[in-house]
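We count ligands from 1, going down the list as the structure has it; atoms in each ligand are counted the same way.
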Amino acid sequence: MRTLSDLIKPSVRKLAAYTLTPHRTSIKLNQNENPFGMPESVIAEVERRVAGRDWARYPDFVPVELKETLANFAGWRADGLLVGNGSNELIQALMMIIVEGGTRVVLSEPTFTVYRLMIEVLGGEVVNVPPKADFEYDMDAVRETAVKTNAAAVILCSPNNPTGKSVAESDLRALLDAFDGFVIVDEAYYEFSGQNYVRLLAEYPRLVVLRTFSKAMAMAGLRVGYFLGAPEVAIEIDKAKLPYNLNFFSMAAAQVAVEQYDTALKPLVERLITERERVSAALAAADVFQPVPSKANFMLARTTRLAPKQVFQGMLERDILIRDVSKYPMLAEYFRFNIGTPAENDAALAAFSEISSQ
Ligand SMILES: *Cc1c(COP(=O)(O)O)cnc(C)c1O
């Protein structure tokens, strides 16, 4: 007789699930969220719009208004745009239409772990091209490997979680010119980098851009992300995506957040960028943990005298949560933390200095 585990695909059985230990601290710098929270003006307007909405009725089948708004906001066509329940849902749906047993996908690890998880659940194979020693993408190697292995896709996160490094336009173009598979650029943190690749979509139909409302847009709790790409690809992803994936509350919140982006959210993004530079400079000057220059709202820092786990624990004892990323490839001596409010950053810097002088 077959056992229960015989009934599960071997490709899934061998995986470890994506997890995060739930610690509660006053200062939370472990998930790259917007520390300022959603501005009151957005919350008030969303509550006004959803008041009286009948909970018993399904949301819109296609969020037409939100798609139009996002298309204008991003500078791309609405028929090449899909909205998802977080961008993770769209990563999954995209992998579902590309990856089957043996399909190769090129990644540059350390990167977002969900990519590998989705690829392997579907029976695909990750071809990893590590970054250079300074964590910049090795785009010559990515391009050569993608071509040589006849990969179906390359996934690049720009800026990359957890390294904070971006892909340069010339490198992205060289990849798109040489490689005939999909090139997926995850722009989860593009707001903090001053750079995005939407303008290349018209030129390269195999380019896909993914975005989220979970970071700069201060909506991680509401789960909204979007896909930008060729309409032909959007049609295929629609087949793999669940119907009614976006609830009416999140739909309204995303709508208002975009409408008020310039006045309510952009100033917060600018403050986070300023803070990132301040914290990075302060950490470098203190000369105990070496920050890795980042284009995102988080950064890696290297710890040689103390183990990353000890830094994590020391911060936890001071009521601050950071991320121990030492299990990621190449990051045995690193931890990651995101930029908080100015007061939170001061507290984190003080805590780092205490821990390092213990
Ligand atoms: C946080 C993050 C996301 C966001 O995922 P959601 O499902 O939209 O919350 C996507 N990609 C990367 C690399 C991230 O770090």
Exercise. Regarding Arg211 and the six-membered ring of Tyr226, is the cationic atom NZ or CZ under 6.0 Å from the ring centre and inside 45° of its axis?
Worked result: no
Problem set entry | Identified side-chain hydrogen bond (donor to acceptor under 3.5 Å, both in side chains) partner of Arg336 from the options Thr163, Asn161, Asp324 | Asn161
Exercise. Does Phe352 reach the side chain of Val288, with side-chain heavy atoms less than 4.5 Å apart?
Worked result: no
For this session: Quick one: do Arg199 and Glu169 satisfy salt bridge (Lys or Arg N to Asp or Glu O under 4.0 Å)? Show the steps, please.
Result: CA-CA 11 Å; Arg199 69 187 169 284; Glu169 175 166 347; 2.5 Å; yes
With the criterion set at N/O pairs under 3.5 Å, what does the list of contacts between the protein and ligand 1 look like, atom names and distances included?
{"residue": "ligand 1", "atom": "5 (O)", "partner": "Ser87", "partner atom": "OG", "Å": "3.3"}
{"residue": "ligand 1", "atom": "5 (O)", "partner": "Asn88", "partner atom": "OD1", "Å": "3.4"}
{"residue": "ligand 1", "atom": "7 (O)", "partner": "Ser87", "partner atom": "N", "Å": "3.2"}
{"residue": "ligand 1", "atom": "7 (O)", "partner": "Asn88", "partner atom": "N", "Å": "2.9"}
{"residue": "ligand 1", "atom": "7 (O)", "partner": "Asn88", "partner atom": "ND2", "Å": "3.2"}
{"residue": "ligand 1", "atom": "7 (O)", "partner": "Arg223", "partner atom": "NH2", "Å": "2.7"}
{"residue": "ligand 1", "atom": "8 (O)", "partner": "Ser87", "partner atom": "N", "Å": "2.6"}
{"residue": "ligand 1", "atom": "8 (O)", "partner": "Ser87", "partner atom": "OG", "Å": "3.1"}
{"residue": "ligand 1", "atom": "8 (O)", "partner": "Thr212", "partner atom": "OG1", "Å": "2.5"}
{"residue": "ligand 1", "atom": "8 (O)", "partner": "Ser214", "partner atom": "OG", "Å": "3.4"}
{"residue": "ligand 1", "atom": "9 (O)", "partner": "Ser214", "partner atom": "OG", "Å": "2.6"}
{"residue": "ligand 1", "atom": "9 (O)", "partner": "Arg223", "partner atom": "NH1", "Å": "2.8"}
{"residue": "ligand 1", "atom": "9 (O)", "partner": "Arg223", "partner atom": "NH2", "Å": "3.3"}
{"residue": "ligand 1", "atom": "11 (N)", "partner": "Asp186", "partner atom": "OD2", "Å": "2.7"}
{"residue": "ligand 1", "atom": "15 (O)", "partner": "Asn161", "partner atom": "ND2", "Å": "2.8"}
{"residue": "ligand 1", "atom": "15 (O)", "partner": "Tyr189", "partner atom": "OH", "Å": "2.6"}
{"residue": "ligand 1", "atom": "15 (O)", "partner": "Lys215", "partner atom": "NZ", "Å": "3.3"}

Problem set entry | Nearest atoms (heavy-atom pairs only) where Glu236 meets Lys239 | OE1-NZ, 2.7 Å
For this session: Kindly indicate whether a cation-pi arrangement holds for Arg53 with Phe248, taking the cut-offs as under 6.0 Å to the six-membered ring centre and within 45° of the axis.
Result: yes
